[in-house]
**Student:** 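Sharing a structure with you now.
Chain naming here is simple, since letters A, B, ... match the order of the sequence lines and numbering starts at 1 in each. Quick caveat, the model's predicted, so the values are computed rather than measured.
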Amino acid sequence: MGNSAGATVDGSPGPSAHRPPLPDGLIAVVKRDCPTCELVVPVLEQLAEAGPLTVYTQDDPAFPESVAATDDTRLAFSWHHDIETVPTLILARDGKEEDRTVGWSRPHWEKLTGVDDLGPDLPEFRPGCGSLSVDPSLTSELAVRFGGSVLQSRRVELARLEDPFEAAFDRGWTDGLPVVPPTEARVMAMLEGTSRAADDVVAEIPPDLHEATVEQIAINAVMAGCRPEYLPVVLAAVEAACTQEFNMHGLLATTFFSGPILVVNGPIAKRLGMNSGGNAFGQGNRANMTIGRALQLVVRNLGGGRPGEVDMAMLGSPGKLSFCFAEREHDSPFSSLAAERGFGPYADTVTVFAGSGPTAIIDQISRTPESLVRSLAACLRSTGHPKLAMGFDAMLVVSPEHGRIFAQAGWDKDRLRAELDELLTMSGAEMVRGVDGIEEGLPEAFADEQVPKFRPGGLQIVHAGGDAGLFSAVLDGWVGGNIGSVPVTVEIRP
Amino acid sequence: MTATNTNSTTDGIPLVVLDPTAGKAATDVQPAPRPSGLSGLTVGLLDISKPRGNVFLDQVESHLDRLGAKVVRYRKPTFAKPAPVDLRHEIAVNCDAVIEALAD
């Protein structure tokens with residue numbers, strides 16, 4: 001903990017200005033909620049008689065009853081003097097610490113105080129308890145209170161009668177759901193989730209091309225409800241979404257349904273408790289829900305991308321609140337999305353895909369890969385429109401029960417993809433405008449061509465879902481390739 | 001116990017939160033002065049590459065012709081991305097006015 005930090009960024013006095021001085025003589029720091037502190041009360045009585053003794057008490061100013069104590073329930077003394085254990089006994093002279101011991105140890109206490117026969121009825125040794133000033137639930141708050149903040153963001157002081165949740169709505173900071181108020185303490189705690197500096201620039205956020213720092217993204221991650229350990233995923237997702245190739249600006253501005261869909265690969269998914277199984281696209285998992293939401297809040301609040309303004313979506317989709325899931329890798333019949341995109345099996349990655357959905361694929365009858373792949377292809381053909389091709393991408397999400405049919409027949413991802421490519425190459429004559437009495441379709445020039453449904457690289461395949469359910473899913477993509485969006489994978493770094 | 005609940009104003013201090021928008025004030029962009037007429041002016045028409053946008057712009061062009069404007073046509077490579085900076089600059093240098101509209 002940076003308890004000796006200097007002046008704060010805004011030039012206000014640093015913590016040293018508020019550092020409680022060390023009184024000369026002996027200093028004991030105790031709390032009532034510590035059996036060792038209770039145990040040493042007779043010793044403190046002995047020491048109070050022997051010379052100057054100042055007792056600081058962290059939780060109950062009335063403790064100990066038999067010795068006068070100084071209230072340190074705000075933990076100012078404890079924090080500034082790096083108390084990690086109670087009891088701590090300090091010897092100070094001329095305002096400077098000369099020695100300290102923690103817990104109860106008769107030889108150590110006698111040596112430090114120069115007083116013999118301390119606590120004759122006590123055991124020789126007892127370990128102490130944790131100081132409240134290092135309680136993990138308080139450290140961020142104390143760092144803000146005493147440490148002098150390193151955060152650069154503008155402070156917004158809410159009125160006493162203002163509800164912080166309503167205040168966020170009033171200021172246009174939310175996606176329509178309540179957000180966690182981004183207090184300094186929460187943002188400091190969030191920043192503990194990454195080794196990157198708070199002022200590191202992560203990406204230029206469209207549409208305003210704002211250069212977003214780790215700190216600014218952390219604020220939005222707090223609001224989204226992320227835990228600090230999710231922050232590296234959020235940072236990687238922001239980086240991926242803000243590349244030229246992914247084209248977040250166009251994806252935001254489109255009248256189409258799509259938004260950024262995040263697929264997480266690697267051991268981090270399990271470590272964060274992400275859902276790759278039952279209801280992976282649905283509600284109920286904090287990491288899935290809040291990581292995707294954080295990216296969208298970043299685009300809204302830092303990029304300035306809001307519905308009805310630059311976001312011109314005609315209907316949008318609920319996934320634009322958050323659409324984030326992990327690939328089910330442990331029993332997948334296929335190489336993972338990350339592996340296919342050049343990453344090793346232990347790499348943690350996030351892939352952004354421009355899409356919406358899911359659209360259901362039902363096949364509860366097929367037991368052979370030959371039949372099942374035809375079902376998948378038939379459904380994929382109608383992605384967007386059965387008479388359109390090559391413009392729009394898709395992600396095929398194969399469920400475990402469907403995946404098993406391929407696995408048992410020895411089909412790997414390459415085989416599945418090759419079979420799909422063949423089945424998804426269609427006769428242009430059946431797709432041109434006017435055919436089947438439908439004016440929509442490919443231009444007449446394609447009438448004599450064989451036409452692939454998807455551009456090369458335009459169909460992603462991943463494995464996810466619960467154990468039961470003979471369904472798979474299509475996530476409808478947006479305009480693919482250089483004229484629209486290309487999926488981008490970024491490695492998640494601590 | 002210590003009053004260190006991060007979610008409240010227990011010590012009477014108003015709650016302070018950090019601005020998630022990076023303090024971006026809405027910048028007031030002043031539009032260029034409006035021309036009083038189009039006769040003799042160069043007007044750019046930016047086709048954003050949506051299907052049939054050209055049909056609409058052809059109509060606009062003939063209308064502008066009748067008003068005595070000189071029309072220059074431009075085209076974005078794809079409707080899905082912002083106009084490249086060079087194209088924006090070219091339009092700004094060559095034209096007195098530009099019409100860019102979404103045609104869906």
**Student:** Looking only at non-hydrogen atoms, find the nearest pair between L302(A) and A22(B) and report the distance.
**Tutor:** CD2-CB, 3.7 Å

**Student:** Does atom CG of N54(B) have more than 12 heavy-atom neighbours from other groups under 6.0 Å away?
**Tutor:**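 Counting other residues, nucleotides and ligands, CG of N54(B) exceeds 12 neighbours.
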
**Student:** Closer than 3.5 angstrom, by distance alone: can the side chain of D19(B) be matched with the main-chain N or O of V156(A) as a donor-acceptor pair?
**Tutor:**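 Judged by distance alone, no pair lies under 3.5 Å.
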
**Student:** Between A80(B) and G484(A), which heavy-atom pair has the shortest distance, and what is it?
**Tutor:**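 Taking A80(B) first and G484(A) second, the nearest heavy atoms are CB-CA, 4.0 Å.
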
**Student:** Hey, which of G250(A), P182(A), A167(A), S153(A) has the most heavy atom pairs under 4.5 Å with chain B?
**Tutor:**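 Of the candidates given, the most pairs with chain B belong to P182(A).
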
**Student:** If I measure from the heavy atoms of chain B, does D33(A) come under 4.5 Å with its side chain, its backbone, both, or neither?
**Tutor:**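 For D33(A), neither part sits under 4.5 Å from chain B.
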
**Student:** With rounding to the nearest 0.5 Å, note down the distance linking CZ in R155(A) to CG in L15(B).
**Tutor:**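 That separation rounds to 13.0 Å.
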
**Student:** By a 4.5 Å heavy-atom criterion (distance strictly below it), what part of E162(A) contacts chain B: side chain, backbone, both, or neither?
**Tutor:**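 No part of E162(A) comes within 4.5 Å of chain B.
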
**Student:** Check this for me: E440(A), atom CD, are more than 12 non-hydrogen atoms of other residues, nucleotides or ligands nearer than 6.0 Å?
**Tutor:**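 Correct, the count exceeds 12.
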
**Student:** Out of the candidates L18(B), V16(B), V17(B), only one should pair with P181(A) under the side chain to side chain contact (heavy atoms under 4.5 Å, CB included) rule; please name it.
**Tutor:** V17(B)

**Student:** Could you point out which residue of N247(A), L251(A), I483(A) forms a side chain to side chain contact (heavy atoms under 4.5 Å, CB included) with K81(B)?
**Tutor:** N247(A)

